[in-house]
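Notes to accompany the following structure.
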Amino acid sequence: MSSYAQWQEANNSYLAAALSDLRERLQRLADADAVASAQNDLAANPPSVKRISWFRRFVPGVQSPLRETRIGGLLTNSPPAEQSDMAPAEPTSESDAPAAAESDVPALTLLAQRLAMSDFERELLLLCAAIEFDTRIGALCARAQHDPSKPYPTFGLAMALFEDAAWDAMSPERPLRYWRLIEIHQPPTQSLIGSALKADERIVNYLKGANYLDDRIAPLFELLPPGEHELPPSQQRVAAEVTDQLRVAARSGALPIVHLLGSDRASKLQVAQSVAATLNLSLYRLNAEAIPAALADQETLVRLWQRETVLRNLALYVQADDIDRASTQGAQTQRLLSRLGGVCLVSVREPWPGFAREVIPADVAKPTSAEQRAAWAEALGGQAAELAQRPATHFSFDAATIRHIAANSLAAGKDDPGNVARALWTYSLNRARPMLDQLAQRIDVKASWNDLQLPASEKALLRQIVDQAEHRGTVYDDWGFRERMNRGLGISVLFAGPSGTGKTMAAEIIARELDLPLYRVDLSTVVNKYIGETEKNLRRLFDAAEDSGAILHCDEADALFGKRSEVKDSHDRYANIEINYLLQRIEAFHGLAILTTNMKNALDSAFLRRLRFIVNFPFPGAAERESIWRGAFPLQAAIGALDFGQLARFSLTGGSIQNIALNAAFLAAREGAQITMPRILEAARTEFRKLDKPVNEADFRRLESVASGP
């Protein structure tokens, strides 16, 4: 027989004996006809009052008369347990059995110890719960009270029934009412001592050995399983430091709140799971957005969660990353967490000041680059471990995500290294993509090196950018450069030149070469007129791009990285703050950021110093323009006789040439004819007018004389 089964048998025997004794007491009281006179005498001769204020237990700085006890090796901020957690309902293994089973402590006795109940309060609770355990108790209550309409317990009945009755058992500060162990149904015309009492359903089940999270608050909480794998060394150190600080703080009887700081939620959750497992606590997650707004609902949540931490070994993980501390929701979260008590770990991006409890900050980051490479190699295993270099270079994942992607890739690749490599890259891209789609616009890359007309020196710079992005892992980690640098680990590039000279095309070519997604920053979703919002949006944007391995393409960089102005009013001050933040963030960015501008001179000089590469895109010469004209028409297009040398005499950029070619194609399609010189010239006139360029009719007439088909 398991330890839990043995304990359950002993607990049932205890309840059976207690119920038998209770029935005898009720029977004797009914026969003695003593209840009526006892109730009449209560007001004149109240029982002795035990002046132990339960409220003092929860006021910081007030010495409690209750003796110090522990749960899971830790002191709680609410009256804690002396023994380990009882089993959940219907335990499935011996490991689920309560530690109390070893000493056969009945649930009622254990509950009384944990909640510091007096003997009278314990007996009163048993009387209220007995109605659920034995249908005969109700009839005996009615007989004992000589009132057929009262088949239920009352304070008056309990005071007549049990020795050492104490009037303050009815106080809201005492355990029965503070912990909501009983419910009082008091009609307006009914006295308190004559009102019906009912044991709380959660407590009734606890007394029978079923220990589960109260169903009134259960929808707000999610039970988190213990972590299946060891944390990377850098995160192990953080978890060990937090655990040690909690144990030290527990000796003083006041547990602090732990702030898990950083942008990576998955890593913070894994650290919290490790802390809870080390302390032998069950970890529950509460989303801060689910905290009720009404004060009454918050009070119920606080009281019931405090009770659960007494009945079970629990720790709470509160996810508040998306909560603005200055908002109403932030104030509600802060007020609730200050009162919850017990082991509480809060996931936030930065510390929240102003808590009523002491706060322990703990910075949690993703595994280091070397740890991620080791995790990839371990998860892939065997010959596939050689494939770890590339995903570790371009993506930043937590350890659990790495194991998940590796397992799926191995299953999809079916032991073929080529298939595993492709699956690995695809799964990594798919996992990273959702992080950025809400912040920027994905660009479908199609351009190739042959489409780009640039001087050889500028093309060589573009190839250097590709090489550096591809070999960052070798230089930073294998050759030790990361240990000597804490900034500038990313690659920030500026493409400068007139509109239409191929800056966006070059960004597409780099993304295609690296097989990485390219995202264009949408300034409308980033820049905000409200103070501080632009910085928040940029932080989310850079964090998401850094984690996803995506290439960040910021068009019109001069709009974001313009020169700082002289401060004349508050608007200038906050505009400069935004620029300062951008300069710091671009330097700390670990990914590849490509910024483009038509006005290089408008950029702040401090920003230019932080760039790894500056690639100038000059206005194309005649030879480059002719190459662009020749590549402007697809092979499938119906093209007539075209003089590309003559067309190259138009002083136009590649973007304008593409526009003319496309408009001429539509003119030809409308007439069901070929793309000819007259149609190209007609489209060219339209483009010149759009750009406010003068139209030299002599040049157009000369070109119109070229034979161009029907």
Side-chain angles (χ1 to χ4, degrees), residues 443-466 493 495-516 518 520 551 553 555 594 596 598 615-671 673-688 690-691 693 699-700 702-704 706-709:
I443 299 176
D444 187 15
V445 297
K446 296 180 179 179
S448 64
W449 289 106
N450 293 331
D451 298 323
L452 186 63
Q453 299 300 321
L454 272 182
S457 60
E458 306 303 321
K459 276 194 173 183
L461 280 179
L462 296 180
R463 294 190 182 277
Q464 281 190 48
I465 295 170
V466 173
V493 180
F495 292 167
S499 177
T501 52
K503 299 186 294 296
T504 300
M505 182 183 293
E508 291 185 27
I509 292 170
I510 290 174
R512 185 174 181 177
E513 189 78 5
L514 293 171
D515 195 16
L516 290 171
L518 177 66
R520 178 188 290 118
I551 300 173
H553 174 214
D555 202 4
I594 299 176
T596 62
N598 302 335
V615 183
N616 293 306
F617 286 71
F619 197 93
E624 288 81 11
R625 293 199 295 271
E626 182 174 349
S627 296
I628 295 171
W629 275 112
R630 292 184 182 278
F633 301 98
L635 296 176
Q636 302 92 326
I639 303 175
L642 302 179
D643 190 335
F644 295 111
Q646 292 295 325
L647 290 174
R649 298 182 61 181
F650 286 129
S651 183
L652 295 168
T653 63
S656 295
I657 292 173
Q658 290 291 340
N659 289 338
I660 294 172
L662 185 62
N663 289 335
F666 276 105
L667 291 174
R670 181 189 63 185
E671 299 172 8
Q674 292 181 323
I675 302 172
T676 58
M677 287 292 288
R679 295 184 178 92
I680 291 178
L681 295 176
E682 183 180 349
R685 284 189 176 93
T686 302
E687 184 71 13
F688 270 75
K690 181 187 78 175
L691 299 175
K693 282 192 169 188
D699 290 340
F700 277 89
R702 183 179 64 256
L703 291 174
E704 286 172 350
V706 178
S708 55

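No hydrogens, no waters, no symmetry mates; every other heavy atom, side chains included, goes into these values.
- Taking 4.5 Å as the limit, some side-chain heavy atom of Trp449 sits within range of a side-chain heavy atom of Leu462.
- In this structure, the separation between CD1 on Ile443 and CZ on Arg520 is 3.5 Å, given to the nearest 0.5 Å.
- Note that CD1 of Ile465 is 11.5 Å distant from CD1 of Ile509, once rounded to the nearest 0.5 Å.
- Put simply, CZ on Arg625 and CZ on Phe619 are 6.0 Å apart, with the number rounded to the nearest 0.5 Å.
- Between the CD atom of Gln674 and the CD1 atom of Ile639 there is a distance of 9.0 Å, given to the nearest 0.5 Å.
- When atom types are taken as modelled, the side chain of Asp643 and the backbone of Gly645 share a donor-acceptor pair closer than 3.5 angstrom.
- Residues Ala447 and Glu508 share a closest heavy-atom pair of N-OE1, 3.6 Å.
- Within the structure, side-chain hydrogen bond (donor to acceptor under 3.5 Å, both in side chains) pairs that include any residue of residues 451-465 comprise Ser448-Asp451 (at least two apart or interchain).
- Atom CD1 of residue Ile510 and atom CD1 of residue Ile594 lie 4.0 Å apart, to the nearest 0.5 angstrom.
- Of the possible donor and acceptor atoms, one in the side chain of Glu624 sits under 3.5 Å from a partner among the backbone N and O of Gly621.
- The backbone N or O of Ala665 sits nowhere less than 3.5 Å from a side-chain atom of Arg679 that would complete a donor-acceptor pair.
- The minimum heavy-atom distance between Ser656 and Leu691, with the atom names listed, is OG-CD1, 3.5 Å.
- Annotation: side chain to side chain contact (heavy atoms under 4.5 Å, CB included) contacts of Glu626 (sequence neighbours excluded): Arg630, Phe644, Ala648.
- Distance check: Phe495 CZ to Leu454 CG gives 9.0 Å after rounding to the nearest 0.5 Å.
- Taking all atoms of both residues into account, the shortest heavy-atom contact from Leu452 to Ala506 is CD2-CB, 4.2 Å.
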When you look at Asp555 and Lys503, which way does the side-chain contact (heavy atoms from CB on, under 4.5 Å) test go after all the steps?
CA-CA 9 Å; Asp555 202 4; Lys503 299 186 294 296; 5.7 Å; no

Run Ile660 and Trp629 through side-chain contact (heavy atoms from CB on, under 4.5 Å) and show every step you take.
CA-CA 10 Å; Ile660 294 172; Trp629 275 112; 3.7 Å; yes

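- At a threshold of 4.0 Å, the pair Arg685-Glu682 does not count as salt-bridged, since none of the basic side-chain nitrogens sits closer than that to a carboxylate oxygen.
- A 4.5 Å side-chain heavy-atom check between Asn659 and Lys690 finds at least one atom pair inside the cut-off.
- Put simply, the side chain of Thr501 reaches to within 4.5 Å of the side chain of Pro620, judged on heavy atoms.
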Just do the side-chain contact (heavy atoms from CB on, under 4.5 Å) check on Phe633 and Leu642 with the steps written out, would you?
CA-CA 11 Å; Phe633 301 98; Leu642 302 179; 4.0 Å; yes

